[in-house]
Amino acid sequence: MNESDLARARALVTEAARIVAFSGAGLSAESGVATFRGATRDSDASAPLWTRFDPARLASPEGFATDPETVAEWYAERRRSVQAARPNPAHRALASDGRIVNVTQNVDDLLHRAGASHIVQVHGTLTFDRCHRGCGYRTPVDMADPPGLRRCPQCPGRLRPDVVWFGETLPPDVWEEAVDACAACDLMLVVGTSAEVYPAAGLIDIARAAGAAIVVVNTEAGGAAGTADLELIGPAGEILPTITDG
Ligand code: OAD
């Protein structure tokens with residue numbers, strides 16, 4: 001790790017008034033939660049998900065219409081694995097600084113369990129189910145004993161995880177909150193995301209256009225770092241505790 005880059009990042013964090021941490025699956029990789037793309041440090045448990053299933057088949061309205069049982073089963077497995085995971089030092093570092101708004105693409109609850117107070121989950125959360133038919137029913141899920149496929153108690157629809165699937169739009173209220181935070185920050189930490197999935201990845205452009213400094217933290221060079229002011233290459237769990245006050 002380049003010490004002068006770390007010192008620059010530390011100075012940017014110290015001087016910033018409003019910080020957004022825009023995170024992705026790499027943030028939870030060291031907790032053993034699988035990422036979607038890219039290489040990971042750990043083997044089996046965090047082998048990229050895309051190598052083990054076809055996302056368009058499972059995480060999509062079409063997949064749910066075709067094979068709802070398999071989709072429900074797959075989410076039950078994901079929920080159990082998230083429940084078994086523990087927040088890592090990167091989650092704790094992001095949670096420990098009250099200036100940080102955590103805008104995350106992650107659907108796990110590890111930032112919550114690390115004690116972060118301001119979290120915006122642009123791709124939803126695994127900890128709730130909602131009615132797929134759209135009647136508005138929403139209910140918390142027991143992550144240790146997740147449900148299988150079940151009907152909505154309020155209408156003839158089926159319940160599904162409260163996450164954003166391929167081909168779906170992001171919840172407008174959550175998206176607006178994310179855009180507002182990114183447009184108002186003076187520092188954005190881009191943590192563990194390939195920044196390939198839009199519109200979420202566009203939040204980096206919004207922060208940059210608003211004049212924020214962009215610091216990328218990733219195990220791989222390139223990718224999200226296109227026009228970063230600073231790129232810190234290494235595991236988030238090692239880098240973030242050294243550049244934040246946590
Ligand atoms: P990806 O799996 O695309 O990217 C994970 C990134 O984390 C890669 O750039 C890795 O290099 C990096 N990484 C892995 N381990 C790391 C570590 N220990 N420390 C730091 N970086 C690490 O995950 P996302 O960018 O989150 O959307 O993917 C974005 C979206 O794609 C997801 O939210 C999901 C998927 O489609 C939906 O489900 C709607």
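All values below were derived from every heavy atom in this structure, side-chain atoms included, with hydrogens, water molecules and symmetry-related copies excluded.
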Exercise. Quick one: does Arg151's side chain have a donor or acceptor within less than 3.5 Å of a partner on Pro156's backbone?
Worked result: yes
For this session: Kindly determine whether Cys182 and Met188 satisfy side-chain contact (heavy atoms from CB on, under 4.5 Å), including the steps that lead there.
Result: CA-CA 8 Å; Cys182 295; Met188 177 183 266; 3.5 Å; yes
Exercise. Atom OG1 in Thr14, atom CG in Asp97: separation rounded to 0.5 Å?
Worked result: 9.0 Å
Exercise. Should Leu27 and Leu230 be counted in the same cluster of Ile, Leu, Val, Met, Phe, Trp and Tyr side chains packed under 4.5 Å apart?
Worked result: yes
Side-chain donor-acceptor distances from residues 164-178 under 3.5 Å, at least two apart:
from   : atom 1 : to     : atom 2 : distance (Å)
Trp165 : NE1    : Tyr75  : OH     : 2.8
Glu168 : OE1    : Arg160 : NH2    : 3.0
Glu168 : OE1    : Trp165 : N      : 2.7
Glu168 : OE2    : Arg160 : NH1    : 2.9
Glu177 : OE2    : His118 : NE2    : 3.3

Exercise. Has the side chain of Asp186 got a donor or acceptor atom that lies under 3.5 Å from a matching backbone atom of Arg18?
Worked result: yes
For this session: Say whether Val20 and Val197 are linked into one hydrophobic cluster, either directly or through other cluster members, by side-chain heavy-atom distances under 4.5 angstrom.
Result: no
Problem set entry | Within-4.5 Å side-chain heavy-atom neighbours: Arg133 and Cys152 | no
Pairs of donor and acceptor atoms involving the side chains of residues 104-111, under 3.5 Å and at least two apart or interchain, shall be tabulated with distances.
from   : atom 1 : to     : atom 2 : distance (Å)
Thr104 : OG1    : Ser23  : OG     : 2.8
Thr104 : OG1    : Asn106 : N      : 3.0
Gln105 : NE2    : Ser23  : O      : 3.2
Gln105 : NE2    : Thr193 : OG1    : 2.9
Asn106 : OD1    : Ala25  : N      : 3.1
Asn106 : ND2    : Gly24  : O      : 3.0
Asp108 : OD1    : Leu110 : N      : 3.0
Asp108 : OD2    : Ser28  : OG     : 2.7
Asp109 : OD1    : Arg113 : NH1    : 2.9

Exercise. Tell me, do Val215 and Leu12 make a side-chain contact under 4.5 Å, heavy atoms counted?
Worked result: yes
Exercise. Short question: side chain of Glu30, backbone of Pro235 - any donor-acceptor pair under 3.5 Å?
Worked result: no
Exercise. Checking side-chain contact (heavy atoms from CB on, under 4.5 Å) for the pair Leu6/Ile239: CA distance, chi angles, key distance, verdict?
Worked result: CA-CA 8 Å; Leu6 280 179; Ile239 293 173; 4.2 Å; yes
Problem set entry | salt_bridge(Arg150, Asp129) N-O dist < 4.0 Å | yes
Exercise. Do the side chains of Phe22 and Ile204 get nearer than 4.5 Å, heavy atoms only?
Worked result: yes
For this session: Take Leu203 and Val103 through the side-chain contact (heavy atoms from CB on, under 4.5 Å) test and state the conclusion after the steps.
Result: CA-CA 9 Å; Leu203 292 169; Val103 177; 3.8 Å; yes
For this session: Kindly work out whether a path of hydrophobic side-chain contacts (I/L/V/M/F/W/Y, heavy atoms less than 4.5 Å apart) joins Phe64 to Phe128.
Result: no
Exercise. Is the closest side-chain donor-acceptor distance between Asn88 and Ser31 under 3.5 Å?
Worked result: yes
For this session: Mind running side-chain contact (heavy atoms from CB on, under 4.5 Å) on Val13 and Leu187 for me, showing each step along the way?
Result: CA-CA 7 Å; Val13 169; Leu187 172 64; 3.8 Å; yes
For this session: Enter the distance from Thr244:OG1 to Leu189:CG here, rounded to the nearest 0.5 Å.
Result: 8.5 Å
Exercise. Under a single-linkage rule joining Ile, Leu, Val, Met, Phe, Trp and Tyr whose side-chain heavy atoms are separated by less than 4.5 Å, which residues share a cluster with Leu159?
Worked result: Tyr137
Exercise. Are the side chain of Arg80 and the backbone of Pro146 linked by a donor-acceptor contact shorter than 3.5 Å?
Worked result: no
Exercise. Is the closest side-chain heavy-atom distance between Ile206 and Val179 below 4.5 Å?
Worked result: yes
Exercise. Roughly how far, to the nearest 0.5 Å, is CD1 of Ile119 from CD1 of Ile100?
Worked result: 11.5 Å
Exercise. Does Thr125 reach the side chain of Val163, with side-chain heavy atoms less than 4.5 Å apart?
Worked result: no
Exercise. Say you draw a straight line from CG of Leu240 to OG1 of Thr242; how long is it, rounded to the nearest 0.5 Å?
Worked result: 7.5 Å
For this session: Find the distance between CD (Glu231) and CD1 (Ile214) and round it off to the nearest 0.5 Å.
Result: 13.0 Å
Exercise. Between Arg79 (side chain) and Leu126 (backbone), is there a donor-acceptor pair under 3.5 Å?
Worked result: yes
Problem set entry | From NE2 (His112) to OG (Ser117), nearest 0.5 Å | 10.5 Å
Exercise. Going by an N to O cut-off under 4.0 Å, is there a salt bridge joining Asp162 and Arg130?
Worked result: yes
